[in-house]
Amino acid sequence: MDERDRKELREWIEEWRYWLGGAVILSVIWGVHCLRKGELTFYWPLTPLAVWAAVLIAVAVWPRGGEPDDS
């Protein structure tokens with residue numbers, strides 16, 4: 001694994017940290033809404049989190065192509 005691959009892996013892992021932070025924030029908003037309503041409602045954060053995760057997974061498996069090498 002060369003330096004460029006390690007850098008891209010670190011950036012990808014950092015994106016998952018952002019995803020986790022977003023999941024926590026959206027879940028807290030959903031939880032407060034449920035508490036105020038007095039009942040569990042549909043877990044709506046599932047939709048944006050699933051789309052965001054799908055994009056991150058696609059970035060990981062999509063082949064890189066045509067990017068110039070900086071070295």
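Atom set for the values below is all heavy atoms of this structure, side chains included, hydrogens, waters and symmetry mates excluded.
- Partners of Tyr43 under the ring-ring contact (aromatic ring centres under 6.0 Å, His included) rule, at least two apart in sequence or in another chain, are Trp30.
- Val28 and Leu35 are assigned to two separate hydrophobic clusters, defined by single-linkage of ILVMFWY side chains at heavy-atom distances under 4.5 Å.
- Side-chain heavy atoms closer than 4.5 Å link hydrophobic residues (I, L, V, M, F, W, Y) into clusters, and following such links, possibly through other members, connects Leu49 to Ile25.
- Clustering ILVMFWY residues whenever any of their side-chain heavy atoms sit less than 4.5 angstrom apart, transitively, puts Val51 in a cluster other than the one holding Trp19.
- Cluster annotation: Tyr18 is connected to Leu20 through the hydrophobic network of ILVMFWY side chains, with a link wherever side-chain heavy atoms come within less than 4.5 Å.
- Within the structure, side-chain hydrogen bond (donor to acceptor under 3.5 Å, both in side chains) pairs that include any residue of residues 44-62 do not occur (at least two apart or interchain).
- In this structure, Arg6 and Arg10 have side chains that are in contact, with non-hydrogen atoms separated by less than 4.5 Å.
- Across every non-hydrogen atom of Pro45 and Pro48, the tightest pair is O-CD, 3.3 Å.
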#### Entry: Residues Glu11, Lys7; criterion salt bridge (charged side-chain N to carboxylate O under 4.0 Å, His left out); working and verdict
CA-CA 6 Å; Glu11 289 172 354; Lys7 181 179 183 259; 3.0 Å; yes
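- One hydrophobic cluster, built from ILVMFWY side chains closer than 4.5 Å, holds both Ile29 and Leu40.
- Considering all non-hydrogen atoms of both residues, Trp16 and Ile57 come closest at CZ2-CG1, 4.0 Å.
- Atoms CG and CD, on Asp2 and Glu8 in that order, are 8.5 Å from each other to the nearest 0.5 Å.
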